[in-house]
Amino acid sequence: MGTRLLGDAGFGPTVIRITALGTRVMLARMVSHNGVVVGHNDEHAWSLTARDWCRIVG
């Protein structure tokens, strides 16, 4: 399934699912934003420095 992370950059909470890790960025798919499930599941590069992230367990 992949590790899910929750972060908020001031526009509401975003949940992403990690699909691949690199040394500076990772690939992930957005699962939801502001509590709404995202219909598209395209992979994008994400940086962990853009916001504080916490792992979703379970």
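Here the structure is a predicted model, which is why all the values come from computation and not from measurement.
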When the side chains of residues 28-40 are checked against the rest of the protein, which donor-acceptor pairs come out under 3.5 Å, sequence neighbours left out?
unit_1: Arg29; atom_1: NE; unit_2: Asn41; atom_2: O; d: 3.0
unit_1: His33; atom_1: ND1; unit_2: Thr14; atom_2: OG1; d: 2.8
unit_1: His33; atom_1: NE2; unit_2: Phe11; atom_2: O; d: 3.2

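- Every residue was checked against the side-chain hydrogen bond (donor to acceptor under 3.5 Å, both in side chains) condition with Thr23, not counting sequence neighbours, and none meets it.
- At distances below 3.5 Å, at least one donor-acceptor pair connects side-chain atoms of Thr19 with backbone N or O atoms of Leu27.
- A side-chain contact (heavy atoms from CB on, under 4.5 Å) with Leu5 is found for exactly one of Met26, Arg17, Arg51, namely Met26.
- Heavy atoms of other residues, nucleotides or ligands lying less than 6.0 angstrom from CG of Asp42 number more than 12.
- Here Leu6 pairs with Pro13, Val15, Cys54, Ile56 under the side chain to side chain contact (heavy atoms under 4.5 Å, CB included) rule; sequence neighbours left out.
- At a threshold of 4.5 Å between side-chain heavy atoms, the hydrophobic network of Ile, Leu, Val, Met, Phe, Trp and Tyr places Leu48 and Ile18 in one connected group.
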